[in-house]
A.B. asks: 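Handing you a structure now.
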Amino acid sequence: MPPYRAPRGTRDLLPAERPAWRALADIARSLSDAYGYREIETPLFEQVDVFERGVGAVTDIIEKELFRIAPRTEDAEVWALRPEGTAGIVRAYVQHGMQTWPQPVRLMLLGPMFRYDRPQAGRYRQFWQWDIEAIGDAGPAIDAEIIELGLRFYREAGLEDVEVHLNSIGDPGCRPAYIEALGAFYAKRLDELPPHERERLATNPLRLLDSKDPALVRINVDAPVITEHLCDACADHFAEVKDHLDALGVEHRPETGLVRGLDYYTRTAFEYYRRGREGQQQALGGGGRYDGLVELLGGKHTPGIGFALGLDRVILTQQDAGVEVPSVRPPIAVVVGADPGGTAERLRVATDLRAEGLPVRADLAIRKLGRQLEAAAREGSRFAIILGDELSEGNVQLRDLEAASQKVVAIDDLPALLLRKSQGS
RNA sequence: GUGGCCAUAGCUCAAUCGGCAGAGCAUCGGAUUGUGGCUCCGAAGGUCGCGGGUUCGAACCCCGCUGGCCACCCCA
(Lines give C-alpha, C1' and ligand atoms only; values in the text may rest on other atoms or scores of the structure.)
Protein backbone atom coordinates (compact mmCIF):
# COMPACT_ATOMS: atom_id res chain seq x y z
CA MET A 1 0.00 0.00 0.00
CA PRO A 2 1.25 3.49 -0.78
CA PRO A 3 2.50 5.52 2.18
CA TYR A 4 0.41 8.53 1.25
CA ARG A 5 -3.12 8.82 0.01
CA ALA A 6 -5.44 11.65 -0.93
CA PRO A 7 -6.91 13.07 2.29
CA ARG A 8 -10.15 11.60 3.53
CA GLY A 9 -13.10 12.81 1.55
CA THR A 10 -10.96 14.04 -1.34
CA ARG A 11 -9.94 12.28 -4.50
CA ASP A 12 -7.84 12.61 -7.60
CA LEU A 13 -9.74 13.22 -10.80
CA LEU A 14 -7.79 11.11 -13.26
CA PRO A 15 -7.31 11.86 -16.97
CA ALA A 16 -10.02 9.40 -17.99
CA GLU A 17 -12.72 11.34 -16.14
CA ARG A 18 -11.47 14.88 -16.69
CA PRO A 19 -13.09 15.39 -20.10
CA ALA A 20 -16.53 14.89 -18.55
CA TRP A 21 -15.69 17.54 -15.94
CA ARG A 22 -14.35 19.88 -18.53
CA ALA A 23 -17.55 19.48 -20.53
CA LEU A 24 -19.60 20.51 -17.48
CA ALA A 25 -17.41 23.53 -16.93
CA ASP A 26 -17.82 24.44 -20.59
CA ILE A 27 -21.59 24.23 -20.30
CA ALA A 28 -21.52 26.34 -17.15
CA ARG A 29 -19.33 28.98 -18.75
CA SER A 30 -21.24 29.21 -22.00
CA LEU A 31 -24.58 29.41 -20.20
CA SER A 32 -23.18 32.07 -17.89
CA ASP A 33 -22.11 34.06 -20.93
CA ALA A 34 -25.45 33.60 -22.62
CA TYR A 35 -27.39 34.75 -19.54
CA GLY A 36 -24.98 37.58 -18.75
CA TYR A 37 -23.49 36.18 -15.53
CA ARG A 38 -19.85 37.15 -15.45
CA GLU A 39 -17.19 34.99 -13.93
CA ILE A 40 -15.58 35.91 -10.65
CA GLU A 41 -12.90 34.14 -8.67
CA THR A 42 -12.63 34.59 -4.92
CA PRO A 43 -10.05 33.15 -2.53
CA LEU A 44 -10.46 29.58 -1.36
CA PHE A 45 -10.26 30.90 2.20
CA GLU A 46 -11.68 33.89 3.99
CA GLN A 47 -11.78 35.26 7.49
CA VAL A 48 -13.92 32.99 9.58
CA ASP A 49 -16.25 35.91 10.28
CA VAL A 50 -17.28 36.08 6.64
CA PHE A 51 -18.74 32.60 6.92
CA GLU A 52 -19.99 32.85 10.49
CA ARG A 53 -21.89 36.02 9.74
CA GLY A 54 -22.76 35.09 6.18
CA VAL A 55 -23.77 31.48 6.51
CA GLY A 56 -24.96 31.71 10.08
CA ALA A 57 -23.05 30.76 13.20
CA VAL A 58 -25.54 28.13 14.39
CA THR A 59 -25.71 26.16 11.15
CA ASP A 60 -24.14 22.72 10.81
CA ILE A 61 -21.90 24.09 8.10
CA ILE A 62 -20.24 26.43 10.57
CA GLU A 63 -20.56 24.50 13.78
CA LYS A 64 -19.17 21.19 12.66
CA GLU A 65 -18.18 21.29 9.01
CA LEU A 66 -15.95 24.36 8.72
CA PHE A 67 -12.35 23.68 7.74
CA ARG A 68 -10.57 26.06 10.06
CA ILE A 69 -6.96 26.94 9.39
CA ALA A 70 -4.76 26.87 12.45
CA PRO A 71 -3.41 30.39 13.05
CA ARG A 72 0.37 30.78 12.79
CA THR A 73 0.62 33.36 15.51
CA GLU A 74 -1.53 34.43 18.41
CA ASP A 75 -2.60 37.69 16.83
CA ALA A 76 -3.11 36.30 13.34
CA GLU A 77 -6.47 36.47 11.66
CA VAL A 78 -8.46 33.27 11.80
CA TRP A 79 -9.15 31.76 8.40
CA ALA A 80 -11.30 28.98 7.06
CA LEU A 81 -11.66 27.24 3.73
CA ARG A 82 -14.86 28.29 2.01
CA PRO A 83 -17.78 25.90 2.61
CA GLU A 84 -19.89 27.59 -0.06
CA GLY A 85 -19.53 30.39 -2.54
CA THR A 86 -22.13 33.01 -1.76
CA ALA A 87 -20.58 34.54 1.34
CA GLY A 88 -17.27 35.19 -0.40
CA ILE A 89 -18.96 36.60 -3.48
CA VAL A 90 -21.06 38.97 -1.39
CA ARG A 91 -17.93 39.99 0.53
CA ALA A 92 -16.35 40.85 -2.83
CA TYR A 93 -19.48 42.74 -3.86
CA VAL A 94 -19.18 44.96 -0.81
CA GLN A 95 -15.39 45.28 -0.94
CA HIS A 96 -15.30 46.42 -4.55
CA GLY A 97 -18.25 48.77 -4.37
CA MET A 98 -20.32 46.76 -6.80
CA GLN A 99 -23.38 48.64 -5.60
CA THR A 100 -22.18 51.38 -7.95
CA TRP A 101 -22.29 49.01 -10.90
CA PRO A 102 -25.46 48.63 -12.97
CA GLN A 103 -27.84 46.55 -10.83
CA PRO A 104 -28.32 43.71 -10.55
CA VAL A 105 -24.76 42.45 -10.67
CA ARG A 106 -24.87 39.00 -12.23
CA LEU A 107 -21.95 36.82 -11.16
CA MET A 108 -20.82 33.25 -11.56
CA LEU A 109 -18.17 31.23 -9.80
CA LEU A 110 -16.89 27.76 -10.54
CA GLY A 111 -14.63 26.07 -8.04
CA PRO A 112 -14.01 23.78 -5.11
CA MET A 113 -15.71 24.10 -1.73
CA PHE A 114 -14.67 22.44 1.52
CA ARG A 115 -16.66 20.92 4.33
CA TYR A 116 -15.34 18.78 7.15
CA ASP A 117 -18.15 16.30 6.76
CA ARG A 118 -18.31 12.55 6.99
CA PRO A 119 -17.73 11.33 3.44
CA GLN A 120 -20.35 9.33 1.64
CA ALA A 121 -21.26 8.70 -1.97
CA GLY A 122 -21.81 12.11 -3.55
CA ARG A 123 -20.57 13.85 -0.43
CA TYR A 124 -16.96 14.91 -0.23
CA ARG A 125 -14.81 17.17 1.87
CA GLN A 126 -13.65 18.91 -1.27
CA PHE A 127 -16.34 19.22 -3.90
CA TRP A 128 -17.11 21.47 -6.83
CA GLN A 129 -19.90 23.93 -7.20
CA TRP A 130 -21.17 26.20 -9.91
CA ASP A 131 -22.48 29.33 -8.25
CA ILE A 132 -24.81 31.82 -9.88
CA GLU A 133 -25.67 35.03 -8.05
CA ALA A 134 -27.71 38.10 -8.96
CA ILE A 135 -27.23 40.86 -6.43
CA GLY A 136 -29.28 44.02 -6.40
CA ASP A 137 -32.67 43.00 -7.77
CA ALA A 138 -35.62 42.34 -5.48
CA GLY A 139 -38.08 41.51 -8.23
CA PRO A 140 -39.59 38.05 -8.79
CA ALA A 141 -38.55 37.92 -12.44
CA ILE A 142 -34.89 37.42 -11.58
CA ASP A 143 -35.88 34.51 -9.33
CA ALA A 144 -37.49 32.84 -12.32
CA GLU A 145 -34.52 33.60 -14.57
CA ILE A 146 -32.16 31.90 -12.15
CA ILE A 147 -34.35 28.89 -11.47
CA GLU A 148 -34.70 28.31 -15.21
CA LEU A 149 -30.97 28.74 -15.73
CA GLY A 150 -30.28 25.87 -13.36
CA LEU A 151 -32.74 23.61 -15.16
CA ARG A 152 -31.18 24.56 -18.47
CA PHE A 153 -27.78 23.45 -17.17
CA TYR A 154 -29.07 20.02 -16.19
CA ARG A 155 -30.73 19.58 -19.57
CA GLU A 156 -27.53 20.44 -21.38
CA ALA A 157 -25.68 18.00 -19.14
CA GLY A 158 -28.01 15.32 -20.44
CA LEU A 159 -30.27 15.12 -17.36
CA GLU A 160 -33.74 15.60 -18.77
CA ASP A 161 -35.71 14.62 -15.68
CA VAL A 162 -34.49 17.19 -13.18
CA GLU A 163 -37.23 19.25 -11.62
CA VAL A 164 -37.31 22.12 -9.17
CA HIS A 165 -38.93 22.02 -5.75
CA LEU A 166 -40.10 25.44 -4.70
CA ASN A 167 -41.05 27.14 -1.48
CA SER A 168 -41.07 30.51 0.19
CA ILE A 169 -39.71 30.80 3.69
CA GLY A 170 -40.80 34.37 4.28
CA ASP A 171 -38.63 37.15 5.60
CA PRO A 172 -37.52 38.49 8.99
CA GLY A 173 -40.86 40.30 9.17
CA CYS A 174 -43.19 37.35 8.92
CA ARG A 175 -41.08 34.28 9.62
CA PRO A 176 -40.77 34.75 13.41
CA ALA A 177 -44.54 34.62 13.81
CA TYR A 178 -44.66 31.45 11.77
CA ILE A 179 -41.86 29.85 13.77
CA GLU A 180 -43.75 30.71 16.91
CA ALA A 181 -46.89 29.10 15.56
CA LEU A 182 -44.86 26.08 14.53
CA GLY A 183 -43.25 25.86 17.95
CA ALA A 184 -46.63 26.06 19.62
CA PHE A 185 -47.93 23.32 17.35
CA TYR A 186 -45.10 20.95 18.22
CA ALA A 187 -45.26 21.90 21.90
CA LYS A 188 -48.82 20.63 22.02
CA ARG A 189 -47.70 17.25 20.72
CA LEU A 190 -44.38 17.10 22.53
CA ASP A 191 -45.04 13.60 23.84
CA GLU A 192 -45.27 12.31 20.27
CA LEU A 193 -41.84 13.63 19.32
CA PRO A 194 -38.80 11.37 19.41
CA PRO A 195 -36.18 12.62 21.91
CA HIS A 196 -33.78 13.61 19.20
CA GLU A 197 -36.37 15.78 17.49
CA ARG A 198 -37.28 17.43 20.79
CA GLU A 199 -33.80 18.84 21.02
CA ARG A 200 -33.99 20.26 17.53
CA LEU A 201 -37.27 21.93 18.38
CA ALA A 202 -35.37 24.27 20.65
CA THR A 203 -32.59 25.08 18.19
CA ASN A 204 -34.26 25.07 14.79
CA PRO A 205 -37.95 24.17 14.63
CA LEU A 206 -38.07 24.67 10.86
CA ARG A 207 -35.84 21.62 10.52
CA LEU A 208 -38.54 19.34 11.91
CA LEU A 209 -40.59 20.02 8.80
CA ASP A 210 -38.42 17.98 6.48
CA SER A 211 -37.59 15.22 8.96
CA LYS A 212 -37.85 11.67 7.70
CA ASP A 213 -38.78 10.27 11.07
CA PRO A 214 -42.07 8.38 10.54
CA ALA A 215 -43.65 9.79 13.68
CA LEU A 216 -42.81 13.28 12.58
CA VAL A 217 -43.97 12.76 9.03
CA ARG A 218 -47.35 11.83 10.50
CA ILE A 219 -47.46 14.89 12.73
CA ASN A 220 -46.31 17.23 9.98
CA VAL A 221 -49.46 16.57 7.99
CA ASP A 222 -51.25 18.83 10.45
CA ALA A 223 -48.42 21.33 10.91
CA PRO A 224 -48.96 24.96 10.00
CA VAL A 225 -47.81 25.67 6.46
CA ILE A 226 -45.39 28.52 5.99
CA THR A 227 -46.83 29.74 2.72
CA GLU A 228 -50.10 30.36 4.56
CA HIS A 229 -48.34 32.55 7.11
CA LEU A 230 -46.49 34.86 4.74
CA CYS A 231 -46.94 38.61 4.97
CA ASP A 232 -48.60 40.21 1.97
CA ALA A 233 -45.33 41.33 0.41
CA CYS A 234 -43.78 37.87 0.65
CA ALA A 235 -46.96 36.17 -0.55
CA ASP A 236 -47.14 38.50 -3.55
CA HIS A 237 -43.50 37.89 -4.36
CA PHE A 238 -43.97 34.13 -4.18
CA ALA A 239 -47.05 34.24 -6.39
CA GLU A 240 -45.26 36.32 -8.97
CA VAL A 241 -42.26 34.01 -9.03
CA LYS A 242 -44.61 31.17 -9.84
CA ASP A 243 -46.35 33.29 -12.48
CA HIS A 244 -43.05 34.03 -14.14
CA LEU A 245 -42.09 30.38 -14.12
CA ASP A 246 -45.45 29.44 -15.60
CA ALA A 247 -44.91 32.02 -18.31
CA LEU A 248 -41.59 30.37 -19.10
CA GLY A 249 -43.24 26.98 -19.19
CA VAL A 250 -41.10 25.83 -16.27
CA GLU A 251 -42.73 23.20 -14.11
CA HIS A 252 -42.23 23.68 -10.39
CA ARG A 253 -43.27 21.49 -7.55
CA PRO A 254 -44.50 23.11 -4.34
CA GLU A 255 -42.64 21.77 -1.32
CA THR A 256 -43.84 23.38 1.89
CA GLY A 257 -41.33 21.39 3.91
CA LEU A 258 -38.36 22.73 1.99
CA VAL A 259 -36.17 24.71 4.35
CA ARG A 260 -32.66 25.52 3.41
CA GLY A 261 -29.90 24.99 5.91
CA LEU A 262 -28.30 28.39 5.68
CA ASP A 263 -29.48 31.31 7.76
CA TYR A 264 -29.29 33.94 5.12
CA TYR A 265 -32.14 32.75 2.96
CA THR A 266 -35.35 34.76 2.64
CA ARG A 267 -38.48 34.27 0.59
CA THR A 268 -37.71 32.06 -2.41
CA ALA A 269 -36.07 28.71 -1.64
CA PHE A 270 -35.60 25.94 -4.19
CA GLU A 271 -33.78 22.69 -4.76
CA TYR A 272 -33.18 20.57 -7.82
CA TYR A 273 -33.87 16.84 -7.82
CA ARG A 274 -34.05 14.12 -10.36
CA ARG A 275 -37.59 12.83 -10.61
CA GLY A 276 -37.95 9.86 -8.32
CA ARG A 277 -34.71 10.62 -6.47
CA GLU A 278 -35.87 13.00 -3.81
CA GLY A 279 -33.87 11.77 -0.81
CA GLN A 280 -31.91 14.21 1.28
CA GLN A 281 -28.55 13.16 -0.15
CA GLN A 282 -29.84 13.39 -3.66
CA ALA A 283 -30.11 17.17 -4.03
CA LEU A 284 -28.35 18.17 -7.21
CA GLY A 285 -28.37 21.80 -6.34
CA GLY A 286 -30.28 24.46 -4.55
CA GLY A 287 -30.54 28.09 -3.86
CA GLY A 288 -32.69 30.94 -2.79
CA ARG A 289 -33.05 34.58 -2.04
CA TYR A 290 -30.83 36.27 0.56
CA ASP A 291 -32.12 39.80 0.93
CA GLY A 292 -30.30 40.46 4.19
CA LEU A 293 -26.88 39.07 3.40
CA VAL A 294 -25.16 42.10 1.87
CA GLU A 295 -26.07 44.13 4.92
CA LEU A 296 -24.81 41.40 7.25
CA LEU A 297 -21.43 41.61 5.55
CA GLY A 298 -21.13 45.34 5.89
CA GLY A 299 -22.90 46.70 2.84
CA LYS A 300 -26.12 48.59 2.34
CA HIS A 301 -29.37 46.67 2.45
CA THR A 302 -29.37 44.91 -0.93
CA PRO A 303 -31.45 42.01 -2.21
CA GLY A 304 -29.86 39.00 -3.82
CA ILE A 305 -30.60 35.55 -5.12
CA GLY A 306 -28.52 32.65 -6.33
CA PHE A 307 -27.94 28.94 -6.52
CA ALA A 308 -25.17 26.41 -6.13
CA LEU A 309 -25.09 23.25 -8.22
CA GLY A 310 -22.98 20.31 -7.06
CA LEU A 311 -20.89 19.22 -10.03
CA ASP A 312 -19.74 16.00 -8.33
CA ARG A 313 -23.36 14.95 -8.02
CA VAL A 314 -24.09 15.89 -11.61
CA ILE A 315 -21.25 13.62 -12.71
CA LEU A 316 -22.54 10.79 -10.53
CA THR A 317 -26.05 11.29 -11.84
CA GLN A 318 -24.84 11.26 -15.43
CA GLN A 319 -23.20 7.91 -14.77
CA ASP A 320 -26.31 6.61 -13.06
CA ALA A 321 -28.51 7.77 -15.92
CA GLY A 322 -26.15 6.38 -18.56
CA VAL A 323 -25.55 9.77 -20.13
CA GLU A 324 -22.82 9.72 -22.76
CA VAL A 325 -20.02 12.05 -21.78
CA PRO A 326 -16.84 13.07 -23.58
CA SER A 327 -13.76 10.94 -23.16
CA VAL A 328 -10.06 11.50 -23.72
CA ARG A 329 -9.30 12.47 -27.30
CA PRO A 330 -6.27 10.81 -28.85
CA PRO A 331 -3.83 12.79 -30.99
CA ILE A 332 -4.65 12.70 -34.69
CA ALA A 333 -1.26 11.20 -35.47
CA VAL A 334 1.68 9.55 -33.76
CA VAL A 335 5.18 9.89 -35.17
CA VAL A 336 6.91 6.50 -35.18
CA GLY A 337 10.14 5.32 -36.76
CA ALA A 338 11.79 2.30 -38.31
CA ASP A 339 14.90 3.03 -36.31
CA PRO A 340 14.11 2.43 -32.63
CA GLY A 341 16.85 4.84 -31.60
CA GLY A 342 15.73 7.65 -33.88
CA THR A 343 13.97 9.59 -31.17
CA ALA A 344 15.53 12.91 -32.18
CA GLU A 345 13.98 12.94 -35.63
CA ARG A 346 10.62 11.65 -34.33
CA LEU A 347 10.57 14.45 -31.79
CA ARG A 348 11.54 17.03 -34.41
CA VAL A 349 8.82 16.01 -36.87
CA ALA A 350 6.17 16.01 -34.13
CA THR A 351 7.31 19.37 -32.83
CA ASP A 352 7.06 20.91 -36.29
CA LEU A 353 3.52 19.58 -36.71
CA ARG A 354 2.49 20.87 -33.27
CA ALA A 355 3.78 24.27 -34.28
CA GLU A 356 1.15 24.10 -37.01
CA GLY A 357 -1.47 23.53 -34.33
CA LEU A 358 -1.90 19.79 -34.86
CA PRO A 359 -2.26 17.43 -31.90
CA VAL A 360 0.54 15.00 -32.60
CA ARG A 361 2.44 12.70 -30.26
CA ALA A 362 5.92 11.41 -30.89
CA ASP A 363 6.79 7.90 -29.77
CA LEU A 364 9.91 8.54 -27.72
CA ALA A 365 10.43 5.01 -26.47
CA ILE A 366 13.35 3.08 -27.88
CA ARG A 367 11.41 0.12 -29.20
CA LYS A 368 10.84 -1.48 -32.52
CA LEU A 369 8.39 -0.17 -35.07
CA GLY A 370 5.77 -2.84 -34.41
CA ARG A 371 5.47 -1.84 -30.77
CA GLN A 372 5.26 1.80 -31.66
CA LEU A 373 2.42 1.16 -34.09
CA GLU A 374 0.68 -1.05 -31.58
CA ALA A 375 0.71 1.71 -29.01
CA ALA A 376 -0.55 4.27 -31.53
CA ALA A 377 -3.39 2.04 -32.63
CA ARG A 378 -4.47 1.22 -29.09
CA GLU A 379 -4.40 4.86 -28.18
CA GLY A 380 -6.94 5.42 -30.93
CA SER A 381 -4.88 7.66 -33.16
CA ARG A 382 -6.12 7.95 -36.72
CA PHE A 383 -2.69 8.12 -38.37
CA ALA A 384 0.87 6.98 -37.90
CA ILE A 385 3.65 8.99 -39.50
CA ILE A 386 6.40 6.48 -40.18
CA LEU A 387 9.95 7.77 -40.51
CA GLY A 388 12.29 5.54 -42.53
CA ASP A 389 14.75 5.59 -45.40
CA GLU A 390 12.38 7.87 -47.36
CA LEU A 391 13.30 10.64 -44.97
CA SER A 392 16.48 11.33 -46.95
CA GLU A 393 14.27 12.45 -49.86
CA GLY A 394 12.00 14.44 -47.58
CA ASN A 395 9.25 11.82 -47.56
CA VAL A 396 7.46 9.78 -44.88
CA GLN A 397 4.91 7.00 -44.88
CA LEU A 398 1.50 8.27 -43.78
CA ARG A 399 -0.40 5.28 -42.50
CA ASP A 400 -4.14 5.29 -41.92
CA LEU A 401 -4.50 3.10 -38.86
CA GLU A 402 -8.22 2.59 -39.33
CA ALA A 403 -8.10 1.70 -43.01
CA ALA A 404 -4.77 -0.16 -42.67
CA SER A 405 -3.49 1.61 -45.77
CA GLN A 406 -0.55 3.93 -46.31
CA LYS A 407 1.14 6.09 -48.87
CA VAL A 408 4.33 8.05 -49.31
CA VAL A 409 3.88 11.72 -48.53
CA ALA A 410 6.27 14.68 -48.70
CA ILE A 411 6.98 15.77 -45.16
CA ASP A 412 6.23 19.37 -46.18
CA ASP A 413 2.71 18.37 -47.22
CA LEU A 414 1.87 16.81 -43.85
CA PRO A 415 0.47 19.86 -42.07
CA ALA A 416 -2.07 20.71 -44.77
CA LEU A 417 -2.98 17.06 -45.23
CA LEU A 418 -3.54 16.36 -41.53
CA LEU A 419 -5.37 19.61 -41.04
CA ARG A 420 -7.81 18.60 -43.75
CA LYS A 421 -8.25 15.16 -42.22
CA SER A 422 -8.71 16.52 -38.71
CA GLN A 423 -11.53 18.70 -39.96
CA GLY A 424 -13.26 15.50 -40.90
CA SER A 425 -12.97 15.11 -44.63
C1' G B 1 -20.91 13.56 15.59
C1' U B 2 -23.98 8.19 15.92
C1' G B 3 -24.70 3.10 13.99
C1' G B 4 -23.79 -0.96 10.33
C1' C B 5 -20.99 -3.51 6.24
C1' C B 6 -16.27 -3.89 4.01
C1' A B 7 -10.53 -3.66 2.98
C1' U B 8 -5.79 -9.49 -0.98
C1' A B 9 -1.13 -6.95 -7.34
C1' G B 10 -2.36 -0.49 -10.83
C1' C B 11 -7.95 -2.37 -11.71
C1' U B 12 -11.80 -6.47 -10.97
C1' C B 13 -11.66 -10.55 -7.88
C1' A B 14 -10.16 -15.96 -6.14
C1' A B 15 -7.53 -18.74 -2.21
C1' U B 16 -11.56 -25.61 0.90
C1' C B 17 -11.20 -26.55 8.05
C1' G B 18 -6.27 -21.73 10.46
C1' G B 19 -1.36 -25.07 6.82
C1' C B 20 3.85 -22.71 0.68
C1' A B 21 -0.56 -15.89 -1.80
C1' G B 22 -3.35 -16.87 -7.32
C1' A B 23 -6.22 -15.53 -12.02
C1' G B 24 -8.13 -12.08 -15.69
C1' C B 25 -7.34 -7.18 -17.42
C1' A B 26 -3.57 -3.37 -17.60
C1' U B 27 2.16 -2.56 -17.95
C1' C B 28 6.97 -4.09 -20.07
C1' G B 29 9.66 -7.63 -23.23
C1' G B 30 9.98 -11.79 -27.09
C1' A B 31 7.69 -14.63 -31.45
C1' U B 32 14.59 -14.77 -37.62
C1' U B 33 16.29 -7.54 -37.03
C1' G B 34 10.40 -1.43 -42.01
C1' U B 35 4.27 -2.30 -40.08
C1' G B 36 -0.51 -2.11 -35.39
C1' G B 37 -5.40 -3.21 -31.80
C1' C B 38 -6.10 -10.29 -32.50
C1' U B 39 -3.00 -14.70 -31.04
C1' C B 40 1.16 -17.31 -28.51
C1' C B 41 5.36 -17.08 -24.92
C1' G B 42 7.70 -14.57 -20.92
C1' A B 43 8.85 -10.81 -17.13
C1' A B 44 7.77 -7.46 -13.54
C1' G B 45 4.26 -6.29 -10.01
C1' G B 46 2.22 -8.13 -2.70
C1' U B 47 4.02 -5.03 4.51
C1' C B 48 -2.91 -9.86 2.31
C1' G B 49 -4.87 -1.48 4.70
C1' C B 50 -1.82 -0.42 9.55
C1' G B 51 -0.64 -1.96 14.75
C1' G B 52 -1.28 -5.39 18.57
C1' G B 53 -3.16 -10.31 20.39
C1' U B 54 -4.47 -15.82 20.20
C1' U B 55 -1.90 -20.15 17.92
C1' C B 56 3.30 -24.85 16.53
C1' G B 57 1.40 -21.98 12.40
C1' A B 58 -3.00 -16.20 10.70
C1' A B 59 -5.04 -13.27 4.32
C1' C B 60 -8.57 -16.24 7.43
C1' C B 61 -9.96 -15.83 14.65
C1' C B 62 -9.97 -11.40 18.59
C1' C B 63 -8.98 -5.97 19.84
C1' G B 64 -7.57 -1.05 18.31
C1' C B 65 -6.55 2.46 14.34
C1' U B 66 -6.97 4.25 9.26
C1' G B 67 -9.75 4.33 4.85
C1' G B 68 -14.15 3.19 1.62
C1' C B 69 -19.35 2.37 1.28
C1' C B 70 -24.40 2.52 3.48
C1' A B 71 -28.10 4.49 6.99
C1' C B 72 -28.67 8.77 10.35
C1' C B 73 -27.36 14.11 10.97
C1' C B 74 -26.81 17.59 7.20
C1' C B 75 -25.87 19.36 2.66
C1' A B 76 -24.21 20.03 -2.89
Side-chain angles (χ1 to χ4, degrees), chain A residues 1-12 14 16 55 59-66 82-86 111-131 150 194 196-197 199-200 203-204 207-208 210-213 258-262 271-273 279-287 307-317 330 334 336-342 363 365-391 396-406 408:
Chain A
M1 285 294 119
Y4 302 109
R5 283 187 295 199
R8 181 169 202 199
T10 73
R11 65 225 193 281
D12 303 306
L14 301 178
V55 178
T59 58
D60 272 16
I61 290 181
I62 299 304
E63 282 184 337
K64 62 178 210 189
E65 296 171 9
L66 200 63
R82 63 183 186 193
E84 53 96 55
T86 307
M113 305 295 161
F114 305 86
R115 290 183 199 172
Y116 192 80
D117 212 354
R118 185 134 170 197
Q120 210 169 303
R123 197 170 77 180
Y124 305 99
R125 289 183 171 183
Q126 177 179 347
F127 58 101
W128 274 262
Q129 284 189 338
W130 177 42
D131 267 293
H196 172 71
E197 303 288 1
E199 288 170 29
R200 295 210 296 169
T203 55
N204 197 347
R207 282 264 143 246
L208 301 204
D210 62 356
S211 170
K212 287 177 294 295
D213 190 285
L258 193 155
V259 205
R260 307 231 70 221
L262 285 60
E271 288 179 349
Y272 297 106
Y273 290 94
Q280 281 283 328
Q281 288 85 345
Q282 310 277 358
L284 292 170
F307 67 59
L309 306 194
L311 298 187
D312 306 76
R313 288 186 182 174
V314 172
I315 293 271
L316 283 172
T317 306
V334 177
V336 300
D339 172 17
D363 195 314
I366 298 174
R367 53 184 171 182
K368 64 183 190 176
L369 180 59
R371 290 284 178 202
Q372 297 179 48
L373 284 168
E374 181 183 345
R378 284 169 65 136
E379 189 175 359
S381 257
R382 175 78 195 279
F383 296 104
I385 295 161
I386 306 170
L387 310 186
D389 297 335
E390 309 90 333
L391 205 55
V396 299
Q397 296 274 359
L398 181 64
R399 180 170 181 82
D400 186 328
L401 291 168
E402 286 166 23
S405 65
Q406 69 188 49
V408 177

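Given the structure is predicted, the values throughout are model-derived calculations rather than measurements. All values below come from the heavy atoms of this structure, side chains included, with hydrogens, waters and symmetry mates left out. Per chain, numbering begins at 1; letters A, B, ... match sequence-line order.
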A.B. asks: How far, in whole Å, is B:rC56 from B:rG49 if one measures between their C1' atoms?
C.D. replies: 27 Å
A.B. asks: Establish, for the pair A:Arg399 and A:Phe383, whether the NZ or CZ atom is under 6.0 angstrom from the six-membered ring centre and no further than 45 degrees off its axis.
C.D. replies: no
A.B. asks: Any idea which of B:rU66, B:rC28, B:rC72 is nearest the A:Arg367 side chain?
C.D. replies: B:rC28
A.B. asks: Roughly how far apart, to the nearest Å, are B:rC62 and B:rA7 at atom P?
C.D. replies: 12 Å
A.B. asks: Can you find a side chain N or O atom of A:Gln120 that sits less than 4.0 Å from OP1 or OP2 on B:rA71?
C.D. replies: yes
A.B. asks: Kindly indicate whether a cation-pi arrangement holds for A:Arg125 with A:Tyr116, taking the cut-offs as under 6.0 Å to the six-membered ring centre and within 45° of the axis.
C.D. replies: yes
A.B. asks: Taking atom C1' in both B:rG4 and B:rG19, compute the distance separating them and give it to the nearest angstrom.
C.D. replies: 33 Å
A.B. asks: Between B:rC13 and B:rG18, how far apart are the P atoms? Round to whole Å, please.
C.D. replies: 24 Å
A.B. asks: Using the C1' atom as the reference point in each nucleotide, state the distance between B:rA14 and B:rG53 in Å, no decimals.
C.D. replies: 28 Å
A.B. asks: Measuring only the P atom in each nucleotide, how far is B:rU54 from B:rU12? A whole number of Å is fine.
C.D. replies: 35 Å
A.B. asks: Indicate, with a heavy-atom threshold strictly under 4.0 Å, whether A:Ala308 touches base, sugar-phosphate, or nothing.
C.D. replies: sugar-phosphate
A.B. asks: Mind calculating the distance between CZ (A:Arg371) and P (B:rC38) to the nearest angstrom?
C.D. replies: 11 Å
A.B. asks: How many whole angstroms separate atom CZ of A:Arg118 from atom P of B:rG67?
C.D. replies: 10 Å
A.B. asks: Consider the side chain of A:Arg5, meaning its heavy atoms from C-beta on, and name the nucleotide among B:rG37, B:rC70, B:rU66 that approaches it most closely.
C.D. replies: B:rU66
A.B. asks: Between A:Gln372 and A:Val334, is any pair of side-chain heavy atoms under 4.5 Å apart?
C.D. replies: no
A.B. asks: Name the closest nucleotide to the A:Ala121 side chain, picking from B:rC70, B:rU2, B:rG36.
C.D. replies: B:rC70
A.B. asks: Between A:Gln397 and A:Val336, is a side-chain contact (heavy atoms from CB on, under 4.5 Å) present by the stated rule, with each step listed?
C.D. replies: CA-CA 10 Å; A:Gln397 296 274 359; A:Val336 300; over 6 Å; no
A.B. asks: Rounding to an integer number of angstrom, what distance separates B:rC61 and B:rC17 when you compare their C1' atoms?
C.D. replies: 13 Å
A.B. asks: What distance, rounded to whole Å, do you find between the two C1' atoms, one in B:rC28 and one in B:rA9?
C.D. replies: 15 Å
A.B. asks: Does the side chain of A:Lys368 get closer than 4.0 angstrom to OP1 or OP2 of B:rA31 through an N or O atom?
C.D. replies: yes
A.B. asks: So, under a plain 3.5 Å distance rule, would you say the side chain of A:Arg8 forms a donor-acceptor pair with the base of B:rU66?
C.D. replies: no
A.B. asks: What is the distance, to the nearest angstrom, from the CD1 atom on A:Ile315 to the C1' atom on B:rA76?
C.D. replies: 14 Å
A.B. asks: Send over the distance from A:Gln397 CD to B:rG36 P, rounded to a whole Å.
C.D. replies: 14 Å
A.B. asks: A:Arg125 CZ to B:rG1 P: how many Å, rounded?
C.D. replies: 8 Å
A.B. asks: Look at A:Arg378 and B:rA26 and indicate whether a side-chain polar atom (N or O) is within less than 4.0 Å of OP1 or OP2.
C.D. replies: yes
A.B. asks: Determine whether A:Arg11 and A:Asp312 satisfy the following criterion, salt bridge (Lys or Arg N to Asp or Glu O under 4.0 Å), listing intermediate values before the conclusion.
C.D. replies: CA-CA 11 Å; A:Arg11 65 225 193 281; A:Asp312 306 76; 2.6 Å; yes
